[in-house]
A.B. asks: 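The following block contains the structure, expressed as structure tokens.
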Amino acid sequence: QVQLVESGGGLVQPGGSLRLSCAASGFSLDYYAIGWFRQAPGKEREGVSCISGPDGVTYYADSLKGRFTISRDNAKNTVYLQMNSLKPEDTAVYYCAAGFRTVVADRPGEWRRYDYWGQGTQVTVSS
């Protein structure tokens, strides 16, 4: 049974940091890409980052490069999203998702390529 559970969201002041976790079970991270997405009220779901394959190839949305870092702990089957220098516009529900890595490979930011989703975790950046 495939399951993804996000944690680590919360309220943070502008300029602060948060680390989100995505605990995966029921499949191997060697074969599935794990993507992070976010959705703010009234906006479309947006691809944030992805990590894929045995080599841990990464992808970042251009607008987020330099502030967000994705990483993976294979022993724990967990993927992390470190978010630094947070801005109010980063406020959203953040989701992790799993998709077969060859399906995701050429469009890692496209949410339709992912098969399994977590329940989401709220991130609010506000003073």
A.B. asks: Any chain of hydrophobic side-chain contacts (each under 4.5 Å) joining Val2 to Val103?
C.D. replies: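 Yes; Val103 is reachable from Val2 via cluster members.
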A.B. asks: Would Leu20 and Ile51 show up in the same hydrophobic cluster when neighbours are defined by side-chain heavy atoms closer than 4.5 Å?
C.D. replies: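 Yes, one cluster joins them.
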A.B. asks: Can you check side chain to side chain contact (heavy atoms under 4.5 Å, CB included) on Ile70 and Ile34, steps first, answer last?
C.D. replies: CA-CA 10 Å; Ile70 194 169; Ile34 299 294; 5.6 Å; no
A.B. asks: If you draw a 6.0 Å radius around CD in Glu44, do more than 12 non-hydrogen atoms from other residues or ligands fall strictly inside?
C.D. replies: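 No.
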A.B. asks: With rounding to the nearest 0.5 Å, note down the distance linking CG in Leu29 to OG in Ser52.
C.D. replies: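 Between atom CG of Leu29 and atom OG of Ser52 there are 10.0 Å.
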A.B. asks: Which pair of non-hydrogen atoms, one from Leu86 and one from Arg67, has the smallest distance, and what is that distance?
C.D. replies: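 Looking at all heavy atoms of both residues, the shortest contact is CA-NH1, 3.8 Å.
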A.B. asks: Determine which pairs satisfy side chain to side chain donor-acceptor pair (under 3.5 Å) with at least one residue from residues 72-82, sequence neighbours left out, and list them in order.
C.D. replies: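 For residues 72-82: Arg72-Asn74, Gln82-Asn84.
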A.B. asks: Where do Ser63 and Glu46 land on the side chain to side chain contact (heavy atoms under 4.5 Å, CB included) test, with the steps shown first?
C.D. replies: CA-CA 11 Å; Ser63 61; Glu46 175 187 17; 4.2 Å; yes
A.B. asks: Is it possible for you to say whether Val104 and Phe100 belong to one hydrophobic cluster, with membership spreading through side-chain heavy-atom contacts below 4.5 Å?
C.D. replies: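 Looking at the clustering, Phe100 is in a separate group from Val104.
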A.B. asks: Show which residues join Leu11 in its hydrophobic cluster (side-chain heavy-atom contacts under 4.5 Å, direct or indirect), or state none.
C.D. replies: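 Once heavy-atom contacts under 4.5 Å are chained together, Leu11 still belongs with nothing else.
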A.B. asks: As an exercise, state the distance from CD of Gln39 to CZ of Arg45, rounded to the nearest 0.5 Å.
C.D. replies: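 Going from CD on Gln39 over to CZ on Arg45, the span is 5.5 Å.
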A.B. asks: To the nearest 0.5 Å, tell me how far Arg107 CZ sits from Tyr59 OH.
C.D. replies: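 Atom-to-atom, Arg107:CZ and Tyr59:OH are 9.0 Å apart.
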A.B. asks: Run Tyr95 and Val48 through side chain to side chain contact (heavy atoms under 4.5 Å, CB included) and show every step you take.
C.D. replies: CA-CA 10 Å; Tyr95 300 91; Val48 173; over 6 Å; no
A.B. asks: For the pair Glu6 (side chain) and Cys96 (backbone), establish whether a donor and an acceptor sit closer than 3.5 Å, ignoring hydrogens and angles.
C.D. replies: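 A pair under 3.5 Å: yes.
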A.B. asks: Identify the two heavy atoms, one from Pro14 and one from Ser126, that lie closest to each other, and give their separation to 0.1 Å.
C.D. replies: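 Shortest heavy-atom separation between Pro14 and Ser126 comes out as CD-C, 3.6 Å.
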A.B. asks: Has the side chain of Arg101 got a donor or acceptor atom that lies under 3.5 Å from a matching backbone atom of Asp30?
C.D. replies: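 Between the backbone of Asp30 and the side chain of Arg101 there is a qualifying donor-acceptor contact (under 3.5 Å).
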A.B. asks: When rounded to the nearest 0.5 angstrom, what is the spacing between CZ in Phe68 and OG1 in Thr58?
C.D. replies: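 That separation rounds to 14.5 Å.
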A.B. asks: Can you tell me how far OG1 of Thr102 sits from OH of Tyr31, rounded to the nearest 0.5 angstrom?
C.D. replies: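 So the OH of Tyr31 and the OG1 of Thr102 are separated by 12.0 Å.
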A.B. asks: To the nearest 0.5 Å, what is the distance between CZ (Arg38) and CG (Leu81)?
C.D. replies: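 Reported value, rounded in 0.5 Å steps: 9.5 Å.
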A.B. asks: Looking at Thr91 and Val125, would you say the former's side chain and the latter's main chain have a donor-acceptor pair under 3.5 Å?
C.D. replies: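 Yes, the answer is positive, given that a donor and an acceptor are paired below the 3.5 Å cut-off.
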A.B. asks: Distance-only, no hydrogens or angles: does the Ser85 side chain make a donor-acceptor pair with backbone N or O of Gly15 under 3.5 Å?
C.D. replies: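 No, the answer is negative, given that no donor and acceptor are paired below the 3.5 Å cut-off.
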A.B. asks: Before you tell me yes or no, could you show the steps for Val79 and Trp36 under side chain to side chain contact (heavy atoms under 4.5 Å, CB included), namely the whole-Å CA-CA distance, both residues' side-chain angles and the distance that decides it to 0.1 Å?
C.D. replies: CA-CA 9 Å; Val79 173; Trp36 283 99; 3.7 Å; yes
A.B. asks: Which pairs with one or both residues in residues 102-127 pass ring-ring contact (aromatic ring centres under 6.0 Å, His included), sequence neighbours excluded?
C.D. replies: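 Passing the test, one end in residues 102-127: Phe37-Tyr114, Phe37-Trp117.
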